[in-house]
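First the structure, in the form of structure tokens, and then the observations on it.
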2 protein chains.
Amino acid sequence: MMQPIWLLLLLIGLFHLSHQATNTWVWRCNQEVCVRQHSNKNSIQTNVFRSIEECRLVCGADGSIWPLPSVKFNKSSKLLDINPNEITFELVGSDPVKEILEENVKIFKKNILSECRGACGSDGEALNIKVIVNSTDVSLNWETDESYELKSNNLFWKINAATVFGARHGLESLSQLIAAYNAQDKIGLVTVANVHIVDKPFYKHRSLMIDTGRNFLTVETIKRQIDAMASSKLNILHWHITDSQSFPYVSVRVPNLSRFGSFSENQVYNPQDIKELRDYAKIRGIRILMEIDAPSHAGNGWQWGPHKALGNLSVCVNKQPWRYNCIQPPCGQLNPANIQVYNVLNALYKDIVEQFPESEFFHMGGDEVYFPCWNSTPEIVNYMKQQGKGQNKGDLLDLWGEFQENALAAYDSAVGNSDTKILLWSSELTNPEAIEKYLDKNRYIIETWVPSYDPLPQSLLEKGYKLVISTKNAWYLDHGFWGNTKYYTWRNVYENRLINHRNVIGGEVCMWGELVNGDAIDSRVWPRAAAAAERLWSNSYATTKQVEARMYRHRERLISRGIAAEALTPFWCYQNEGQCL
Amino acid sequence: MMQPIWLLLLLIGLFHLSHQATNTWVWRCNQEVCVRQHSNKNSIQTNVFRSIEECRLVCGADGSIWPLPSVKFNKSSKLLDINPNEITFELVGSDPVKEILEENVKIFKKNILSECRGACGSDGEALNIKVIVNSTDVSLNWETDESYELKSNNLFWKINAATVFGARHGLESLSQLIAAYNAQDKIGLVTVANVHIVDKPFYKHRSLMIDTGRNFLTVETIKRQIDAMASSKLNILHWHITDSQSFPYVSVRVPNLSRFGSFSENQVYNPQDIKELRDYAKIRGIRILMEIDAPSHAGNGWQWGPHKALGNLSVCVNKQPWRYNCIQPPCGQLNPANIQVYNVLNALYKDIVEQFPESEFFHMGGDEVYFPCWNSTPEIVNYMKQQGKGQNKGDLLDLWGEFQENALAAYDSAVGNSDTKILLWSSELTNPEAIEKYLDKNRYIIETWVPSYDPLPQSLLEKGYKLVISTKNAWYLDHGFWGNTKYYTWRNVYENRLINHRNVIGGEVCMWGELVNGDAIDSRVWPRAAAAAERLWSNSYATTKQVEARMYRHRERLISRGIAAEALTPFWCYQNEGQCL
């Protein structure tokens with residue numbers, strides 16, 4: 001055994017240990033990378049940035065806007081300290097346009113203040129922001145022009161946009177051109193002096209799907225998803241509101257659906273909730289795409305019928321053993337042989353149409369019909385016999401096709417025309433050899449959810465169908481937590497390129513709800529959905545290595561804005577760009 | 001094309017659709033399973049429960065306490081509505097005991113009120129709770145008797161325990177014998193009339209590890225982890241407070257460590273924070289096991305030296321390319337050839353010892369020393385040459401052993417005796433063929449972190465070492481989010497049995513912090529850590545199928561208590577026990 005040497009060390013003395021190091025950091029921009037170093041208070045330092053966020057604003061060509069502007073992004077390296085209390089807006093547009101703009105001005109102010117967590121100083125210059133919207137139209141749909149131009153001359157900013165929603169994107173980008181600095185004990189905001197952005201989305205359909213059928217999400221939780229979507233320029237919230245587990249949507253015309261189908265009286269969405277979310281989303285340039293999944297994924301909520309003699313609306317409801325009756329418990333499939341089903345659907349659709357009068361689309365689900373359920377229901381077997389049909393796959397596809405036709409008719413009746421585009425999940429009904437028999441390519445848009453190597457999307461495109469692509473092995477955010485599925489990192493999500501074809505109208509990241517609710521959803525969805533958002537907005541050829549620092553920055557931005565986004569890396573790697581590759 | 005049939009349906013009429021279903025549910029206990037059914041207001045229903053939580057209290061032998069009492073758990077099926085405003089306590093014990101008990105009474109009340117989310121009615125009976133603690137000793141260590149007995153006779157409850165910490169566990173169990181019921185618009189609390197529990201833990205070391213070196217966690221976030229631990233009867237919070245990425249611990253004697261090593265001035269733990277957490281934990285029967293990882297995982301914070309001529313405390317700090325210098329960026333390893341290192345460690349340890357004067361243990365880390373770093377540092381190579389040593393593995397192990405001996409001496413000097421048990425991660429130094437040369441089995445406890453199939457724990461037990469086991473392929477909660485690692489479900493966590501040997505003092509679930517911080521940590525740790533907690537407390541032979549309903553119940557309990565625990569299942573499966581197997 002060696003003699004402990006620490007005794008000797010006492011001779012050296014402890015008094016040296018409290019020698020003070022400088023305790024603040026500064027950053028330099030070196031070859032497009034922000035490099036951290038100790039600040040040296042004893043010497044004048046030039047060209048240093050007071051925070052990583054300040055450095056990121058101007059270091060490199062791409063700055064810190066997420067998603068990256070797609071047409072033009074020029075900026076100077078000159079920074080200006082600004083006073084958040086002295087930002088003036090000049091809004092030019094029609095009254096309805098200005099109403100939406102004013103809400104977005106509030107959001108903009110809240111967002112930039114969040115950068116310094118409510119502790120912004122009031123040093124710095126006044127900022128003048130002029131927003132000009134040319135069109136008086138405030139409808140929001142696939143044809144909405146979302147482009148904008150953003151230009152600044154020192155403290156004077158101008159946003160030009162065809163529509164108010166393009167202007168909103170411009171304000172979002174502008175908010176991302178503002179960051180907090182820290183200098184001594186002072187926190188303030190800083191922006192870039194001269195910027196010119198021309199920007200527009202690559203895809204017109206950029207969506208996130210949430211699922212409130214498996215686990216209930218509060219209105220506040222959904223609003224947080226909308227906030228994060230707006231921060232990332234996603235424009236459609238696809239709301240898979242019901243499933244076989246529950247029916248939380250309160251239908252005014254068919255209250256039995258949620259009475260039978262909600263988990264409890266508190267876990268429901270009243271018409272007031274729906275309208276509140278619809279309006280909250282629209283102000284942020286986001287439409288809600290409602291989905292009532294049918295004829296499968298429909299059990300609880302449907303286990304009754306208006307006329308008892310005609311039977312229940314749904315069959316196999318909660319039937320055991322579930323593995324013989326459905327793909328996931330609890331079982332349940334609408335009964336296509338029960339004429340009441342279409343009557344109820346018509347009434348339900350009327351409620352939805354009234355709540356979304358401007359909507360050009362609706363999602364009818366349509367995935368995972370489990371034929372053995374229908375085939376084991378005597379009522380349905382008899383119904384098919386009466387039509388001279390048997391029980392083989394072709395017969396059952398015909399039955400499903402008949403259901404879909406009747407459901408479409410019920411929808412068209414509810415809305416009063418045949419203009420609405422209907423989205424359907426890919427399924428056996430949408431297989432290339434079956435689809436043209438059952439689904440009109442002018443009415444239906446197919447949401448494919450197959451893995452990237454599956455030829456289905458290409459086959460459907462060849463047949464002339466329009467698609468929304470949700471690549472299962474990259475954009476299914478529930479994967480990694482069950483079975484043999486794999487968790488997809490933000491890099492996997494980012495690297496998922498969609499087929500380049502004019503009939504691919506966009507893509508969707510999906511947050512299926514079996515294993516997520518409440519606060520946990522934030523970290524499961526974000527910032528990964530933002531990685532998809534840049535794919536859908538900019539669709540650039542950048543590698544994840546090239547966008548890493550900007551992605552990390554966007555994650556911090558989401559945190560500042562109250563989204564409990566997942567950590568992507570040790571914080572040191574955020575502060576020391578490119579050092580952890 | 002078929003003619004749409006919906007037109008016909010109008011004849012049937014819509015007026016039937018609003019036929020009202022009953023909108024509340026009740027539960028029955030059927031063969032130890034709570035079965036949901038519609039309440040039928042028109043007939044008198046007997047033997048029904050007003051909520052799943054009420055049913056779970058008494059349905060089946062195991063009720064709803066998590067972890068399951070290990071010695072005896074008898075209960076009646078009689079329920080009593082209680083008034084939360086009329087709970088009286090009689091506390092019997094010494095003054096220091098009563099002080100801790102009074103804090104636990106507050107926690108108890110808060111916990112039971114959380115069951116009805118603050119909306120408890122005041123119907124029901126008064127409850128009388130007597131708590132008797134025999135020992136006046138309020139120290140908390142491995143030898144603390146954590147057993148308790150809990151007995152009730154209708155509205156009179158009695159907890160008997162040797163120590164105040166056993167009594168705390170008794171109160172925790174009692175809080176889990178109280179649930180909310182819903183009846184019409186009324187919410188209230190209900191408990192079980194006659195209960196007899198005799199309970200004690202299987203393992204004395206039941207820990208959760210958190211890591212604030214990779215990403216900072218606020219004091220509030222750490223308190224939430226402590227709350228959830230207390231709810232699950234875990235008793236040790238292992239705090240991996242520093243790593244090569246950052247040194248957030250503010251050492252009074254060596255302030256340079258956090259000055260050089262913290263991410264920012266705000267991302268630090270001041271002595272006040274440490275004491276606050278220590279006391280917060282102790283009231284809840286939890287000790288904090290501090291870890292300062294060394295000699296590896298020590299970079300930022302150590303990149304200086306009290307005497308410049310003697311060089312810096314750490315070598316390879318932030319060195320690139322990192323893959324040649326460490327296992328994970330940023331690199332950094334303490335310099336065992338720099339005599340100042342032990343001096344600084346001694347001062348740092350003194351700070352910690354002062355903050356944890358009662359502590360019988362300390363964790364020195366000791367994992368993943370990367371020899372090429374030391375071998376590429378001329379200073380270290382020269383130092384070894386002076387000792388007549390070369391650069392092969394044996395030489396480097398000797399150097400590491402020397403470091404460990406000096407670090408131990410520095411610790412013993414700080415505390416003034418040689419009684420403290422030192423925990424070390426398993427490493428090349430703890431390999432069966434090396435360990436006895438370097439580590440005294442009376443001083444060191446090895447924390448193994450190898451997969452379940454690795455023979456290391458068994459080998460070390462055969463040599464007489466005491467172990468804490470952290471099974472890497474089951475209890476590493478960071479897995480599944482990076483590389484080829486797999487996410488472990490609560491079932492995987494639960495099924496991980498430790499080696500049955502008297503020198504296995506317990507086990508630990510580890511939440512490494514590279515990819516988690518803030519709110520997201522709740523859902524990554526909970527309720528999975530609770531699954532480990534039952535393994536460590538009860539160590540029963542129950543299958544996950546048998547404990548599923550109780551686990552789901554505990555997850556809801558954690559949510560009620562403010563922990564954003566992950567969803568384990570669709571809510572329907574929680575409400576319909578055993579239907580989703």
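In what follows, every chain begins at residue 1, and chains take the letters A, B, ... in the order their sequences are listed.
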Is [X] in contact with chain B via its backbone, its side chain, both, or neither, using a 4.5 Å heavy-atom distance?
| X | value |
| --- | --- |
| A/Gln245 | both |
| A/Asp211 | neither |
| A/Gln579 | both |
| A/Arg555 | side chain |
| A/Leu515 | both |
| A/Gln328 | neither |

From [X] [atom1] over to [Y] [atom2], what is the distance, rounded to the nearest 0.5 angstrom?
| X | Y | atom1 | atom2 | result |
| --- | --- | --- | --- | --- |
| A/Thr485 | B/Lys486 | OG1 | NZ | 9.0 Å |
| A/Asp243 | B/Trp572 | CG | CH2 | 12.5 Å |
| A/Ser264 | B/Gln575 | OG | CD | 7.0 Å |
| B/Phe481 | A/Glu566 | CZ | CD | 6.5 Å |
| B/Asn300 | A/Arg36 | CG | CZ | 6.0 Å |

Item to check | Distance-minimising heavy-atom pair for B/Arg259 and A/Trp25 | outcome: O-CZ2, 4.3 Å

Checklist outcome for this item: Heavy-atom nearest pair, A/Ser523 first then B/Ser523, reads OG-OG, 3.9 Å

Next on the checklist: Heavy-atom cut-off 4.5 Å, strictly under: side chain, backbone, both or neither for B/Gln320 against chain A?
Outcome noted: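 Just its side chain gets close to chain A.
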
Checklist entry - When only pairs under 4.5 Å are counted, which of A/Phe216, A/Phe263, A/Tyr487 shares the most heavy-atom pairs with chain B? => result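 Going by pairs under 4.5 Å, I would pick A/Phe263.
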
For chain A, the option from [options] that forms the most heavy-atom pairs under 4.5 Å:
| options | answer |
| --- | --- |
| B/Asn182, B/Val516, B/Leu581 | B/Leu581 |
| B/Cys580, B/Gly513, B/Pro330 | B/Pro330 |
| B/Asn318, B/Asn576, B/Leu408, B/Thr489 | B/Asn318 |

